[in-house]
Amino acid sequence: MGQTVLEIKNLESFYGPIMAIRGVSLKVGQGQVVTVLGANGAGKSTLLKTISGIMEPEKGKILFEGEEIQGMEPHQIVNRGIVHVPEGREVFPLLSVDENLSLGAYTRNDRVEIERDRQMVFDYFPILAERRTQEAGTLSGGQQQMLAIGRGLMRRPKIMLLDEPSLGLSPLLVQEIFGILRRLNSDEHVTMMLVEQNARVALDLADVGYVMEIGRIVMEGSADRLMESEDIQAFYLGHQEQSQRGERRWKRKKTWR
Amino acid sequence: MDVLQLLVSGLANGCVYGLIALGFVLIYKATEAVNFAQGDLMMLGAFVTLGLTNAEYVGLPFWVAAPLSIALMALIGYLLDLLILRHLSGQSQTSVVILTIAMGFVLRFVAGAIWGHEPQTLHSPLALGDFQVAGVVLGMADMAVIVVTFLLTLFLYQFFQRTRLGLAMQAASQNQMAAYYMGIPVKRVQGMIWGLSGAVAAVAGILFASKGAIDPNAGLLGIKAFAAAVIGGFGSLPGALAGGLIVGVIEPFASRYLAAGYSQVAPYALLLFVLVFRPHGLFSQVRTKKV
Amino acid sequence: MRIHFKTSYENDIRLFPDRWSFFVYAALVAGAIILPWLLDDFFLGEVTNVLIWAIAGLGLMLLTGQTGQASLGHAAFLALGCYSCIILMEHGVPFLLAFPLAGVITGIFGTLFAIPAVRLHGIYLAIATMALSILADDIIVMLAPWTDGVSGKFAPTITIFGLEIERWTTPDRFYWLVLVVTILCTLAYRNLLRAPLGRAFAAVRDSEVSATAMGVHIAFTKAAAFGLSCAITGLAGALMGFYAGAFNNETFSVVISISLLMMIVIGGLGSIHGAFFGAIIIAFLPQALSMASDTIGGLLGANNVAIPGLETGVFGAILILFIMFEPMGIYGRWLKIRTWFELFPFARKDMFKRQKSYLKTERLR
Amino acid sequence: ETQGVSDTEVVFGSVNDLSGIFAAVGVPAVHGANLRFDEANAAGGVHGRMIRFVVEDNGYQIPRAMQGYNKLLNRDKVFGMLLSLGTPMNLAGFKLLDPKGIPNIGPLTAARDMLQEPMHNKFVGFSSYWDQVQEGVKYLAAEKGAKNICSMYLPTDFGKEIGDSTKDVVSTLGLTFAGETTHKPDELDFVGSLTKLKAAECDLITLALGVRQAITVVGTAKKLGWTDVMFLNTSAGFLDVVAAVPGGVTDGLYAAAGWVDLKSRADVPAVAKFMADYNAKYNQDAGGFSMLGYSAADTVVRALEAAGPDLTQESFIKGMETLEYRDELADAQITYGPDDHQGADEVMISVVENGEWKLLSRQ
Amino acid sequence: MSLLEIKNATLKFGGVVAVNDLSFSVEEGEVYAIVGPNGAGKSTVFNLISRFYDPYSGSISFDGANLLDRHADAVADLGIARTFQNIELFDHATVLQNLLVGRHRHRKSNMIQELLFTPRVRREEHVHREAVERVIDFLDLQPYRNKMIAGLPYGVRKVVELGRALASDPRLLLLDEPASGLSVEETQDMRWWIDDIRKQMGITVLMVEHDMGLVSGVSDRVLALADGAKLAEGTPAEVQADPAVIAAYLGTGAV
Ligand SMILES: Nc1ncnc2c1ncn2[C@@H]1O[C@H](COP(=O)(O)OP(=O)(O)OP(=O)(O)O)[C@@H](O)[C@H]1O
Ligand SMILES: Nc1ncnc2c1ncn2[C@@H]1O[C@H](COP(=O)(O)OP(=O)(O)OP(=O)(O)O)[C@@H](O)[C@H]1O
Ligand SMILES: CC(C)C[C@H](N)C(=O)O
Ligand SMILES: [Mg+2]
Ligand SMILES: [Mg+2]
């Protein structure tokens, strides 16, 4: 692991009286892909939102390149090169595909490079090129997801926070997207923090993995090691004795609880 | 001849409504908030100019006072956002509506306390002199209103359509969270739009005051400008102008040709009529959600 | 902390969740009933006024808080209720019949207005209703043969079973009358909320698409909300007419419409409590300010009109502060205070800090 | 025990508009009244009683006005009402004043209804809009040959009274009522209406509009080149600011009112003193309505004096009914009597010349 | 006769042909899945059935009745319930209230009765509540019964939406990507639920899904769409083996 770019220390976040992050600490190294796994409501999205400043943490520190960024306004954090591709698309529904992409590059001034990156996004997702002038709100669910990812790429981030990028994408596109992420990571050395339900592809791409449960990190390790863990296999990879339909309808108890 | 005269002065008036409506639309386009105090901002802009110009107050030359008050009103708009509206960032539209209505109360009170409640006249060079073309009379102020309104609409339209900041403003109104994700300083952008609409209010106020006397209740005109903005399709700049012109033109014709007691209902009856057929105005900004 | 043990579905359906809250409300009603013996005429008059506004607030709350349709025109319906009740009485209809009829007439008119209006959303509806409110003024003048136009009408004395009720001469009886209407309206409102139609209202407010998919007829539901809302508002309007004693085309102006909306927002949108809290603020605050300025003026030896319009200015400023610090309305704050006491001593002080929130466009329907 | 009276104090109340659309009327009037009461109090009060004047702001809304009445009557326990503004508000107030016999003096509306039955407790200071229009039209018909009379008015009781009076005087004089237009208080363009009235060949137009609107109407007519028409305003528009509009816009505008303009009489000592005092106290120039307020308060002070030390509603009303004096400030003769509850009966007709009102005639 | 029959349906948005002369039918009691690349027109087919869109041409019938004669709100009366791809719940209401709205098509009382809350209304409320509780038990939603939707995690909302549709006792259930955003474990639950919905409740299911594991696990027949037109139709195995489907949709499986 290279130098640490992002370090989270004992983070706590609340929604009113509800504690969603209960003291999370983790480190992300330069050029690493870190994945965060966890069941529904574990607090994965909240963790990413807190890092990108959309939510204010109650306690704890977030260090990016050695500087504390917790409590900053989200746009200041984006300016430092952290880009968050949110869960659930969040496009600008009344703006065209093209305008959405331009906004991805809002903080940049290098016109020529921006156009090149736009072309790159269109190469990745040809359907977006076809629909350049369509209002983003009328795109199909998957097309919006492509747009959200493409828009994130337009920022040329140092570190990307990806919240369920494969949501609603066809199997073919899931492969493609992970191919793209892999290339970005290896060629451009973009650091990534990845939240995914599709644990298999996530662990396949990632160097390190964390498992969250009810706001806490309950397990961490290298992706390979996690891949081997029985619990992970059972709960996130679907390796159960379930080759025939309908048997085993009880739930296995998670051993880390 | 009558008809032409009615049309022309209707246009001039419509432009005043259009100018106020532009102010609403600006803020709506960038924040989706509806500013019920826009009419009162216009009134304040008029009074600030009057205070700077008229001899019994500061007595600056008009051409110095006008830009100065535009700048001042921009500052006031910005401060209103900074000190008050920013606290409501992310809260529902209805609360903002109520807040701005209350702001209108306060602005009216402040103007009354400073400049009194009696109507006053701005010493404006625009107030003097008429044009007469082919039997149609048009005041300087009317001319100025028409020209300025069209230019301003065009400028603002281009601003939203072509500039990065304009785009960012639209983005911020459609999805605040995503706007932050893009690195747009949403609050600062919204402050700027309040400043801008303060400036527009000042322009409207100066032109309005050049057409006649003003008092602290002059802002009630905002209600008709609302009708204009809604007819045009709330959120559309050309719509605001179009709506303003429609309301402006319908009025003189109604008072000319309808019986007393019925003519003054024309703008509101028209509004209801338009909404029956186009529930979201002529240049509708509302879309059906794709599910 | 109170814990509800729910043993039957009835627990969620009945009016009061537990015996304690039954007692609280029973005590409240009992207190309300004996109020005329506790207060002087001045305060009794003000309380009556607050209750009338609260009824009107309930009416608008049903539309705006429950169904999500903001109206800036409810003064028109106040006027309709007021005029119909009093015109009926002038034609010899007894109050006990004329009063509910006024509600029905206003309700029917509201439903008719809703037929085109259900297609409008947000600001479009708000401005359309505002236009209606402005037009109401002119319509009253145009209908002068019935309404006596600008000269206005005087409210007759109410007689119920030979008992004379009048705002100034028998303020206590008038108060009880208003109280009864308030309680009945509140009950009806509560009943609606625990029945399918009330849920359909909320469904229409939150998502028209999925409400449709669940079989909720959007236009019908909105029209029903409009009708009910206007009916209640009409009743309030009639009471307002009796309260003022005299009224004309200028009485129910658009300013009243605006105050009504302010009232429910400040009270807290979507709750019955909100209508009452809002009424207290909107109806009583100006009076309180006036009393305060008398006192302060008296202390300083200054005159109470030293700065004309000051009270209105201060009123506006207080409203601004209310909304800035509690955008969810007083009811929102009330809930927090209650939670704090219920959790005591376990409440964190920053528990009620507002987490950042973000708006999304309302231009998608 | 009469309410609002003690050995040291007598309380008067007013439901007024200090923030609404008629604040330009209510505010100076209240200031004027306060000026007079302060003088009286500084002089030791009337029969040892200080006068306290409690003003409630109604913002020109009935519900607020009702709250004001409730407070004044039930809490402040006023002895009498003075200078209450607005016809509908006053009418609503009668419902509760009459049963208690509380006097209502000098309401700030010149509607005829202010002297409706029971008249016992009601007093108005000056001529009604109705009379003003009657006299104004008669004068202009006789002196300036007006024949085709028209009217522009707000659809309110105020407008209606002026409109109706115009029609009435037109038919008594055998002239033609050529046309009418109605307006909203927020209307700002009158080209349409004026074109209509011009087509109807009006030569005299009575105005019942907001102050700001009346100025615009006169200016617009000039702009349209329609110069052979006269405009007649009432006391509602008889203000210095109207005369003083720059550029001579309002030159030639007539007004029929119950008093004579202040500014043109600035050399009369009473007027000069008033203007100076007023300016010193409020840092504003006095106008017609501040004078009206002062005069009304003056009437009250005189009536209190005439009522004698034993102050009751009856003695006060008796006192009022004995008043007969010349009001130097308003330049009007004030007489009240058992059957005459209107102070000044004269109507003064003025015209704007060189930015000032000039008195033409007394009727 | 098929339960749902779509014949030659076409729908365009400007230049985009979202559904192109598409015909298929769903038999009573089966689970029928639609797959296809993003933007193939799957959700649009659902919206056609829900009557949110009018087709340019073609016909849609349900149990022999012409669906195109009905308004969108009358579709539920026939016993068709649905979920949405991006979740459309009533955010400012509790889970319980959301599910109760699902019962709306069974409302029997009128407005006046509800205002008075007559005994009849009370009885009906008990019936609705019981039905909803059965759904809550079935989907394990007990912990969330009185929670506001606005604060629920994505996965739970997906389940609530399924619950709301089930609460209406439908004959046909339309599920738009029921498993997207769910973890493997939750997808597993979903699979069992769909099985039970079909087998125990006898409800026909039409679903759109990208998770081929789930699709092949529960469905009887699969329709593959591309560019609004039929690419392939058959058993899950047949469709997955179709080269056109692999090329357009499934890919080689290598990540
Ligand atoms: N707006 C909110 N208000 C209140 N509570 C919330 C809110 N958003 C999330 N929560 C709560 O915070 C916890 C964490 O939610 P979060 O969305 O981070 O989960 P997640 O791990 O991303 O789940 P998913 O896989 O479903 O996306 C959940 O228990 C949820 O109930
Ligand atoms: N209102 C609209 N205006 C224009 N184009 C639209 C509109 N709605 C849908 N489309 C287009 O129609 C096509 C079909 O969209 P649809 O939502 O049915 O796709 P889908 O198959 O559900 O895809 P996904 O798997 O991504 O959800 C898409 O290309 C989309 O861009
Ligand atoms: C002072 C006046 C202009 C008031 C107005 N005449 C009214 O009747 O209310
Ligand atoms: Mg999440
Ligand atoms: Mg889809």
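Quantities reported herein were computed from a predicted structural model and do not represent experimental measurements. Convention: sequence-line order gives letters A, B, ...; per-chain numbering from 1.
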Subject >> Region of C:D41 that comes under 4.5 Å of a non-hydrogen atom in chain D >> reply: both

**OP:** Let me know if C:I256 has heavy atoms under 4.5 Å from chain D in its side chain, its backbone, both or neither.
**Re:** side chain

Subject >> Residue D:R52 versus chain C: region with a heavy atom under 4.5 Å >> reply: neither

**OP:** Pick one of side chain, backbone, both or neither for D:P99, based on which atoms fall under 4.5 Å of a heavy atom in chain C.
**Re:** neither

**OP:** Give the intermediate values and the outcome of side chain to side chain contact (heavy atoms under 4.5 Å, CB included) for residues D:D76 and C:D294.
**Re:** CA-CA 10 Å; D:D76 299 319; C:D294 280 359; 4.0 Å; yes

From [atom1] ([X]) to [atom2] ([Y]), nearest 0.5 Å:
X      : Y      : atom1 : atom2 : result
C:R167 : D:L96  : CZ    : CG    : 8.0 Å
C:E311 : D:R64  : CD    : CZ    : 7.5 Å
D:L154 : C:E250 : CG    : CD    : 8.5 Å
D:K100 : C:T169 : NZ    : OG1   : 10.5 Å
D:N74  : C:W168 : CG    : CH2   : 6.0 Å

**OP:** Specify the closest pair of heavy atoms between D:D57 and C:G309, including all atoms of both residues, with the distance to one decimal.
**Re:** OD2-CA, 4.2 Å

**OP:** Can you see which heavy atom on D:M66 is nearest to which on C:A244, and at what distance?
**Re:** CE-O, 3.4 Å

Donor-acceptor contact present, side-chain [X] to main-chain [Y], <3.5 Å:
X     : Y      : answer
D:Q67 : C:Q287 : no
D:N70 : C:F42  : yes
D:K95 : C:F154 : no
D:E56 : C:S290 : no

Original post:
Counting heavy-atom pairs under 4.5 Å to chain D, which of C:S151, C:A246, C:A155 comes out on top?
Top reply: C:A246

Identify every side-chain donor-acceptor pair in residues 137-146 of chain C under 3.5 Å, counting partners at least two apart or on other chains, and give the distances.
unit_1 : atom_1 : unit_2 : atom_2 : d
C:D137 : OD1    : C:N249 : ND2    : 2.9
C:D138 : OD1    : B:Q264 : NE2    : 2.6
C:D138 : OD2    : D:K184 : NZ     : 2.8

**OP:** Find out whether D:P63 and C:W53 are in side-chain contact, i.e. whether some heavy atom of one side chain is under 4.5 Å from a heavy atom of the other.
**Re:** yes

